[in-house]
Amino acid sequence: MKVTIVGAGNVGATCADVISYRGIASEVVLVDIKEGFAEGKAMDIMQCATTTVFNTQLSGTTGDYSKTAGSDVVVITSGIPRKPGMTREELIGINAGIVKSVADNVLTHSPNAIIVVVSNPMDTMTYLTLKATGLPKHRVIGMGGALDSSRFKYFLSKALDKPANDVQGMVIGGHGDTTMIPLTRLASYNGVPVSNFLSQAELDKVAADTMVGGATLTGLLGTSAWYAPGASVAYLVDSILNDQKRMIPCSVFLEGEYGQEDICMGVPCIIGKNGVEKIVDVQLNDAEKALFAKSADAVRNMNADLKS
Ligand code: NAI
């Protein structure tokens, strides 16, 4: 099983590292635009093979897409961060150009690949990838909900003072700190609703901490995070390549599900060898439905910047 990761920066390289040491794929190709960068990252990770003990073969290339031929999954993490003075429209314009050309290049050599979009603004970049490539919707998956849900479970486990792996919960909606929706009502500790253990004020704090989870890390690190994002992409890729059929909130094209159309947003999906195998229809209450509709408005606003 072969995976291409475009963008050998913090998230892309971490994802390659996790995929390798967990043996998720037999081959990983890193691609970057910076001369020698992907080659260097691949070599560095390969030199862990005898100490973290893995057999995955990694290689890197500066933009030679022929090396990515026959990939089963392609992850797109290439993009630039917003710079001082840059408008949101300018950022979207630049990243849209990068994502579109990368998608064209990878599909030339891997016409059957499933594409995982990570570059921000992720819901808009996922929508663009789907529209620009004309791929069927089950083959274009935006990664955001896996990360936001892992942060949600982290904050829940801290509030509960219980191991994170005993906590269940998910975040749907847009992948942004004002658009994501941590579903506290449905979160549980080993199947028991967390409202049995935490007050509404504590649950509200968990939700608020989750929503600014990325910004908190950017404040601490001086740049956006990469360990949890990289691991979340690897988790999603594992579910595809190894047909795990995990239920993971992903940004996917909606055609009436959750009351929305012509938009990519985070909803729970069964992810397997065909990509998005099913969108799971979770019954939301009225308050959650209203939050989802508001989140969709914000994502749609962002998508409108693609056209300007
Ligand atoms: P980074 O700056 O460390 O890496 C980006 C890499 O993309 C750089 O090495 C750059 O040279 C490369 N690149 C730029 N244009 C390219 C092109 N045309 N072809 C090939 N490579 C190209 O950034 P980082 O931290 O790895 O983040 C990557 C993206 O992922 C950003 O857009 C970031 O906002 C997003 N992100 C999304 C998350 C999510 O949950 N969806 C979570 C974390 C980051």
Side-chain angles (χ1 to χ4, degrees), residues 4-18 29-42 44 60-65 67-68 74-83 86 88 90-106 115-129 140-152 171-177 179-180 210-218 221-237 248-252 264-266 299 302:
T4 285
I5 301 172
V6 184
N10 286 335
V11 175
T14 305
C15 174
D17 192 29
V18 175
V29 179
L30 280 165
V31 183
D32 206 281
I33 203 169
K34 265 187 271 174
E35 189 66 44
F37 193 62
E39 291 87 333
K41 288 288 179 97
D44 193 11
T61 170
T62 308
D64 178 358
Y65 279 87
K67 302 228 166 97
T68 69
V74 173
V75 177
I76 304 180
T77 74
S78 46
I80 62 156
R82 190 151 155 187
K83 298 188 176 125
M86 186 185 275
R88 190 182 77 180
E90 284 167 334
L91 175 77
I92 289 179
I94 293 169
N95 281 349
I98 293 173
V99 168
K100 191 173 175 313
S101 75
V102 165
D104 286 347
N105 280 326
V106 291
I115 299 195
V116 175
V117 181
V118 182
S119 309
N120 274 321
M122 182 277 292
D123 298 296
T124 297
M125 293 302 133
T126 305
Y127 180 79
L128 167 84
T129 303
V140 181
I141 310 174
M143 194 298 292
L147 171 64
D148 297 332
S149 299
S150 71
R151 288 179 173 153
F152 183 37
V171 176
I172 61 170
H175 176 61
D177 45 12
T179 56
M180 74 176 76
T210 303
M211 293 174 81
V212 296
T216 301
L217 284 166
T218 303
L221 299 168
T223 180
S224 66
W226 57 90
Y227 291 114
S232 302
V233 181
Y235 179 77
L236 180 57
V237 170
I248 305 175
C250 296
S251 186
V252 295
C264 290
M265 278 180 76
V299 172
M302 190 89 85

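Counting starts at 1 for both ligands and their atoms, in listed order. All of these numbers come straight from a predicted model, not from anything done at the bench.
Within 4.0 Å of atom 13 (N) of ligand 1, at least one protein heavy atom is present. Of the protein's heavy atoms, none falls inside 4.0 Å of atom 2 (O) of ligand 1.
Tested against Met122 for a side-chain contact (heavy atoms from CB on, under 4.5 Å), the candidates Val118, Thr124, Asn120 yield a single pass: Asn120. Checking each of Val106, Val116, Val11 against Val75 for a side-chain contact (heavy atoms from CB on, under 4.5 Å) leaves exactly one that passes, namely Val116.
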**OP:** Would you check, one step at a time, whether the test side-chain contact (heavy atoms from CB on, under 4.5 Å) holds for Ser78 with Ile33?
**Re:** CA-CA 9 Å; Ser78 46; Ile33 203 169; over 6 Å; no

Original post:
What do the steps show when you test Ile5 against Val31 for side-chain contact (heavy atoms from CB on, under 4.5 Å), and what is the final call?
Top reply: CA-CA 6 Å; Ile5 301 172; Val31 183; over 6 Å; no

**OP:** I would like to know whether Thr62 and Phe37 meet side-chain contact (heavy atoms from CB on, under 4.5 Å); could you show each step before the answer?
**Re:** CA-CA 7 Å; Thr62 308; Phe37 193 62; over 6 Å; no

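Checking Thr61 against Glu39 by side-chain atom types alone, no donor-acceptor pair falls below 3.5 Å. In summary, the side chains of Ser119 and Asn95 do not present any donor paired with an acceptor at a separation below 3.5 Å, with no hydrogens or angles considered.
The shortest contact between atom 6 (C) of ligand 1 and any protein heavy atom is with Asp32 OD2, 3.7 Å. Atom 23 (O) of ligand 1 has Asn10 N, 4.6 Å as its closest protein atom, hydrogens excluded (heavy atom only). For atom 7 (O) of ligand 1, the nearest non-hydrogen atom of the protein is Ser78 CA, 3.5 Å. Atom 4 (O) of ligand 1 has its closest protein heavy atom at Gly9 CA, 3.3 Å. Of all protein heavy atoms, the one lying nearest to atom 39 (C) of ligand 1 is His175 NE2, 3.3 Å. Atom 37 (C) of ligand 1 has its closest protein heavy atom at Val118 O, 3.0 Å.
Ligand-side atoms of ligand 1 in range of Gly79: 5 (C), 7 (O), 14 (C), range being under 4.0 angstrom from any heavy atom. Every atom of ligand 1 is numbered from 1 in the order shown, and the set under 4.0 Å from a heavy atom of Leu147 is 40 (O), 42 (C). Close approach of ligand 1 to Phe37 (heavy-atom distance below 4.0 Å) involves ligand atoms 9 (O). Within ligand 1, counting atoms from 1 as listed, the ones closer than 4.0 Å to a heavy atom of Thr77 are 5 (C), 28 (C), 29 (C). Atoms of ligand 1 lying under 4.0 Å from at least one heavy atom of Pro229, given by number and element, are 42 (C), 43 (C). Against a heavy-atom cut-off of under 4.0 Å, Val6 is close to the following atoms of ligand 1: 20 (C).
A salt bridge is defined here as a Lys NZ or Arg NE, NH1 or NH2 lying under 4.0 Å from an Asp or Glu carboxylate O, and Asp64 with Lys67 meets this definition.
Where the criterion is an N or O separation shorter than 3.5 Å, residue side chain and backbone included, Tyr65 fails it with respect to ligand 1. Taking distance alone, with nitrogen or oxygen atoms compared against 3.5 Å, Val11 approaches ligand 1 more closely than that limit. Any N or O atom pair closer than 3.5 Å counts here, and Asn120 shares at least one such pair with ligand 1. Between Gly12 and ligand 1, not a single N/O pair is under 3.5 Å apart. Considering backbone and side-chain atoms together, Met143 places an N or O closer than 3.5 Å to an N or O of ligand 1. Among the atoms of Ser119, none of the N or O lies under 3.5 angstrom from an N or O of ligand 1.
Here Ile98 has side-chain heavy atoms under 4.0 Å from ligand 1, and that is the only part of it that gets that close. At a heavy-atom cutoff of 4.0 Å, ligand 1 is contacted by both the backbone and the side chain of Ile33. When heavy-atom distances to ligand 1 are checked against a 4.0 Å cut-off, Asn95 has no atom that comes that close, whether in backbone or side chain.
In this structure a side-chain-to-backbone donor-acceptor pair under 3.5 Å is missing from Asn105 to Tyr65. Of the possible donor and acceptor atoms, none in the side chain of Ser149 sits under 3.5 Å from a partner among the backbone N and O of Ala146. With hydrogens and angles disregarded, a donor-acceptor distance shorter than 3.5 Å links the side chain of Lys41 to the backbone of Ala8.
For the atom pair CD1 of Ile248 and OG of Ser150, the computed distance is 11.0 Å after rounding to the nearest 0.5 Å.
Taking 4.0 Å as the cut-off, Trp226 does not count as a neighbour of ligand 1 on heavy-atom distance.
Side-chain contact between Ser232 and Met143 is present, with heavy atoms from C-beta onward closer than 4.5 Å.
Closest of all the heavy-atom pairs between Met265 and Gly174 is CE-N, 3.9 Å.
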